[in-house]
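Remarks on the structure that follows.
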Amino acid sequence: MSHGKKKKREAVAYATSEFDPIYKSEYFDKESNDICSKLLDKDAKKRLGALGCQQIKTHGWFSKIKLPMLSIGLLEPPYKPPRDVNAHSQVLIGEYEEHPPTNLDL
């Protein structure tokens with residue numbers, strides 16, 4: 001790794017560990033601000049979702065989304081990212097088994 005890349009990586013690591021993000025009210029409402037700050041909590045034990053995904057699903061930000069209906073395809077998601085997002089392909093991520101949801105409260 002070049003010296004410049006190492007310095008940049010160190011700077012990013014420092015900023016990530018030392019600075020707190022600012023969620024401007026012109027872009028983030030109260031619930032959005034709350035969920036983002038809790039998902040990005042530096043303390044992994046306090047972070048939203050540390051006790052499981054149900055902790056995230058019950059956050060107020062999701063209150064208007066019927067997650068069980070969304071998960072089985074009965075609702076369109078409120079946002080679909082473009083197909084050309086900068087992410088690893090399924091080949092690199094690996095396969096997973098889909099299990100139909102159970103105990104749905106529709």
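Residues: numbered from 1 along the sequence shown. Because the structure is a prediction, the values reported are computed rather than measured.
- At least one side-chain heavy atom of K57 sits under 4.5 Å from a side-chain heavy atom of Q54.
- Interatomic distance, NZ of K38 versus CD1 of I56, reported as 12.0 Å (0.5 Å rounding).
- Considering every non-hydrogen atom in both A50 and A44, the closest pair reads CB-O, 3.2 Å.
- Using a 4.5 Å heavy-atom cutoff, the side chains of D41 and L48 are not in contact.
- In this structure a side-chain-to-backbone donor-acceptor pair under 3.5 Å is present from K42 to F19.
- Using a distance-only test at 3.5 Å, with no hydrogens or angles considered, a donor-acceptor pair links the side chain of Q55 to the main chain of L51.
- Side-chain contact between H59 and E31 is present, with heavy atoms from C-beta onward closer than 4.5 Å.
- Proximity of F28 to D34: side-chain heavy atoms (C-beta onward) are nowhere separated by under 4.5 Å.
- With contacts defined as side-chain heavy-atom distances shorter than 4.5 Å, the pair Y23/L40 qualifies.
- Among all heavy-atom pairs drawn from W61 and S32, the shortest one is NE1-OG, 3.1 Å.
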